[in-house]
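See below for the structure under consideration.
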Amino acid sequence: VFGYDVSGVCSRGSSGRSWRNEPEAREVVNVIRQMKDRDEFARLSFGVVTPFSAQEKFLQDQLEEQSLLKDVTVGTAYKFQGDERDVMIYSPVISEGISESTARWVETPHNQINVSVTRGREALFVIGDFDACRQRDGILGDLIRFVEDVQTLRETSAHELELFSRLVTEGLDPNVHPHIGDIEVDFVLENRSRGVKLAVEVDGTQHEEQEHQDQARDAFLQSRGYNVVRVPTRSIEETPAEAVYEVKDALEVA
């Protein structure tokens, strides 16, 4: 999963009945051009999905103008029902200028976004105005926060990213790098039905030399009502299913 934050602006399409976001569309075209220019990506198929017919047409026109339409399919979610591409790019369009009712429509029904982001065999790119999308209360806001979490972990820890991905696959919702008091922890999960709050720390080899500091952190977290699970990076590498089970067991959802 990769994200590109574009400060866009919405305008009506030529028919006056749909919406497009030209800065966002141009970034989509730019990403496709950059990937097609690299030999290792030259044979990949691309799908660009957007909720709006005006954005679909603008994207097609821009791609055709730059001779980039080969192996690229552009359309709404309905065009990709039961179909896949190597790389999927989602262009939500929502940004400054769009009406509130239209922004709500993008998230209804949810399966439009679900189809949009689950049809990529190799990669998903979300290209849009993250600030505007993050303000949505529904699935679109959740998607942007997920993309940002993945990017944060990609930059900080491959082991944390691997554990995060596996926990999300299990239907859990880890809060990434939250602060509890003055302490930043790797993940926090909650089981509200059982009143369980769980802090998860991913421990590399450096933690073998800081046992006392870790014990002090754990005591502080426990004083704030959190259970604590420490997952060694070696466990994530060698026995990831067991690492996930340990977290789920401590959260009382195993």
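We use all heavy atoms of the structure for the numbers below, so side chains are in, but hydrogens, waters and symmetry mates are not.
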Would you call the rings of Trp105 and Phe52 parallel, tilted or perpendicular if under 30° counts as parallel and over 60° as perpendicular?
tilted

Distance-only polar pair, side chains of Ser18 and Arg12, donor-acceptor under 3.5 Å
no

Between the side chains of Ser235 and Glu242, is a donor N or O closer than 3.5 angstrom to an acceptor N or O?
no

Do the side chains of [Y] and [X] get nearer than 4.5 Å, heavy atoms only?
X: Asp203; Y: Val231; result: no
X: Arg26; Y: Phe58; result: yes
X: Tyr90; Y: Phe125; result: no
X: Glu148; Y: Phe130; result: yes
X: Thr73; Y: Phe46; result: no
X: Glu56; Y: Lys79; result: yes
X: Val188; Y: Lys197; result: no
X: Asn21; Y: Ser91; result: no

Kindly indicate, with the supporting measurements, whether the criterion side chain to side chain contact (heavy atoms under 4.5 Å, CB included) is fulfilled by Val93 and Thr50.
CA-CA 7 Å; Val93 176; Thr50 180; 3.4 Å; yes

Please evaluate residues Glu100 and Arg136 with respect to the criterion salt bridge (charged side-chain N to carboxylate O under 4.0 Å, His left out), reporting the C-alpha separation (whole Å), side-chain torsions for both, the decisive distance (0.1 Å), and the verdict.
CA-CA 10 Å; Glu100 175 62 25; Arg136 310 310 308 165; 2.9 Å; yes

Tell me, please, whether Phe2 has Arg154 positioned over its six-membered ring: NZ or CZ under 6.0 Å from the ring centre and within 45 degrees of its axis?
yes

Kindly say whether Gly3 contributes a backbone atom to a donor-acceptor pair with the side chain of Gln151 at under 3.5 angstrom?
yes

Would a distance-only check, ignoring hydrogens and angles, find a side-chain to backbone donor-acceptor pair under 3.5 Å from Asn191 to Val196?
no

Does one hydrophobic cluster hold both Phe146 and Val49, with members joined at side-chain heavy-atom distances below 4.5 Å?
yes

Would you call [X]-[Y] a salt bridge at under 4.0 Å N-O?
X: Glu201; Y: Arg217; answer: yes
X: Arg166; Y: Glu170; answer: no
X: Glu84; Y: Arg119; answer: no

Only residue of Asp218, Asp249, Leu198 satisfying side chain to side chain contact (heavy atoms under 4.5 Å, CB included) with Val229 is Leu198

Partner of Phe187 by side chain to side chain contact (heavy atoms under 4.5 Å, CB included), out of Asp173, Leu172, Asn175, Val202
Val202

Report the C-alpha distance between Ser45 and Asp86 in whole Å, list the side-chain angles of each, state the deciding distance to 0.1 Å, and finish with yes or no for side chain to side chain donor-acceptor pair (under 3.5 Å).
CA-CA 5 Å; Ser45 61; Asp86 295 321; 3.2 Å; yes

Side chain to side chain contact (heavy atoms under 4.5 Å, CB included) between Val29 and Gln66: does it pass, once the steps are laid out?
CA-CA 9 Å; Val29 174; Gln66 299 188 38; 3.5 Å; yes

In sequence, state the C-alpha distance, the side-chain angles, and the governing distance for Glu22 and Arg20, and then conclude on salt bridge (charged side-chain N to carboxylate O under 4.0 Å, His left out).
CA-CA 6 Å; Glu22 293 187 16; Arg20 68 186 188 187; 2.8 Å; yes

Run the numbers on Val31 and Tyr4 for side chain to side chain contact (heavy atoms under 4.5 Å, CB included), then give the verdict.
CA-CA 9 Å; Val31 168; Tyr4 287 78; 3.9 Å; yes

Working note: Asp149 + Arg145, criterion salt bridge (charged side-chain N to carboxylate O under 4.0 Å, His left out); need CA distance, chi angles, decisive distance, verdict.
CA-CA 6 Å; Asp149 284 343; Arg145 285 184 284 272; over 6 Å; no

Quick one: do Val48 and Ile32 satisfy side chain to side chain contact (heavy atoms under 4.5 Å, CB included)? Show the steps, please.
CA-CA 10 Å; Val48 183; Ile32 292 174; 3.7 Å; yes

